Amino acid sequence: MTIHGTHTLRFLGTGASSGVPSFYCGCKACEEALHNPAARRGCAALLISGTQNTLIDADPDLRMQLSLARVKDIDQVLFTHEHFDHIGGIAEFEFYVRLRSHKPLPIYAGSFTLAAIASQFAFMEETLEPHRVEAWQSLEFDGVRYTALPATHGTQTFGFLIEKLGGEGTAESRRIAYFPDTGPLAPEVLEKLKGVEVLIIDATFNGRNWMPGVHHTIDEAVCLAQELRAKKTFLTHLTMHYDEPITAQELQELLAPHEGAILAANDGLEITL
Ligand SMILES: [Zn+2]
Ligand SMILES: [Zn+2]
Ligand SMILES: [Zn+2]
């Protein structure tokens with residue numbers, strides 16, 4: 001039986017595209033974040049570290065996020081979709097490849113996302129090694145299986161089911177679902193995620209849903225967590241500004257009745273796989 005060491009999952013960023021604070025805003029959530037670094041949110045990305053480092057999405061705040069995590073090497077990057085808040089940091093790898101790794105960085109994404117990266121970051125052609133991923137396809141890196149599941153968000157967006165592998169390719173421990181950008185999930189995806197140990201889910205809006213069908217509100221994310229009977233849920237991709245600004249402190253109080261089963265993620269938070 002293959003024994004894989006400890007893997008950690010780090011929330012590099014837990015904000016939506018606007019981040020917290022936003023320079024053009026001045027709401028109470030932004031004020032709180034200006035005064036308290038723990039309330040600041042960069043764009044959403046995850047880092048899974050074992051003997052390798054696997055990144056899910058390369059957001060525009062990536063340079064600072066990886067520096068703070070003291071990460072010097074990235075072995076591969078998986079992408080959920082092609083929106084700028086999920087691919088905008090890929091340019092950080094140009095000099096990483098040229099100065100440190102000296103080999104093209106493997107990236108895994110749907111064909112639509114690969115095409116967007118190729119056209120928007122044409123100067124990266126020599127530094128990236130693209131691999132196409134289809135929905136429901138599983139990939140394995142460093143003893144962890146990543147299954148791309150269809151999300152409801154723009155063209156060909158994935159969420160990932162993350163499973164640490166034990167002997168003979170079987171999932172040995174917790175199943176973690178990561179869906180930073182999604183609206184209501186399709187029935188077959190809900191079926192796959194039922195009873196998942198850790199759900200990390202889009203909770204973009206507070207109050208009114210500005211983009212119903214492609215994002216959740218905090219309330220909708222809580223309902224989904226309950227429907228799936230997820231043992232632990234972390235809300236992510238949080239704008240905190242709109243429709244109704246909510247501070248990190250207020251969000252914590254709002255979620256308190258769930259007694260720790262549903263929490264807001266925060267930048268830098270680490271959990272064990
Ligand atoms: Zn604000
Ligand atoms: Zn998006
Ligand atoms: Zn996003």
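The structure presented is a predicted model; accordingly, all values stated were derived computationally and were not measured. Counting begins at 1 with the first residue of the sequence. Order of listing sets the numbers, starting from 1, for every ligand and every atom in it.
Between His153 and His81, the two ring planes are perpendicular [angle over 60°; tilted spans 30° to 60°].
Counting backbone and side-chain atoms alike, Cys43 contributes no N/O/S atom closer than 2.8 Å to the Zn ion (ligand 3). The nearest N, O or S atom of His81 is not closer to the Zn ion (ligand 3) than 2.8 Å. Because the distance cut-off is set at 2.8 Å, His153 qualifies as a neighbour of the Zn ion (ligand 2) through one of its N, O or S atoms.
Checked against the Zn ion (ligand 2), the N, O or S atom of His83 at the shortest distance is ND1. Nearest N/O/S atom of His241 relative to the Zn ion (ligand 1): this is ND1. Taking the N/O/S atoms of Asp181 in turn, the shortest distance to the Zn ion (ligand 3) belongs to OD2. Closest to the Zn ion (ligand 3) among the N, O or S atoms of Asp85 is OD2.
Here the angle at the Zn ion (ligand 1) defined by SG in Cys30 and SG in Cys27 stands at 120°, rounded to 10 degrees.
No more than 12 heavy atoms of other residues, nucleotides or ligands lie within 6.0 Å of CD in Glu126, so this atom counts as exposed by the packing criterion.
With respect to the salt-bridge test (charged N to carboxylate O, under 4.0 angstrom), the residues Arg10 and Glu270 qualify.
Between the CZ atom in Arg174 and the NE2 atom in His7 there is a gap of 13.0 Å [rounded to 0.5 Å].
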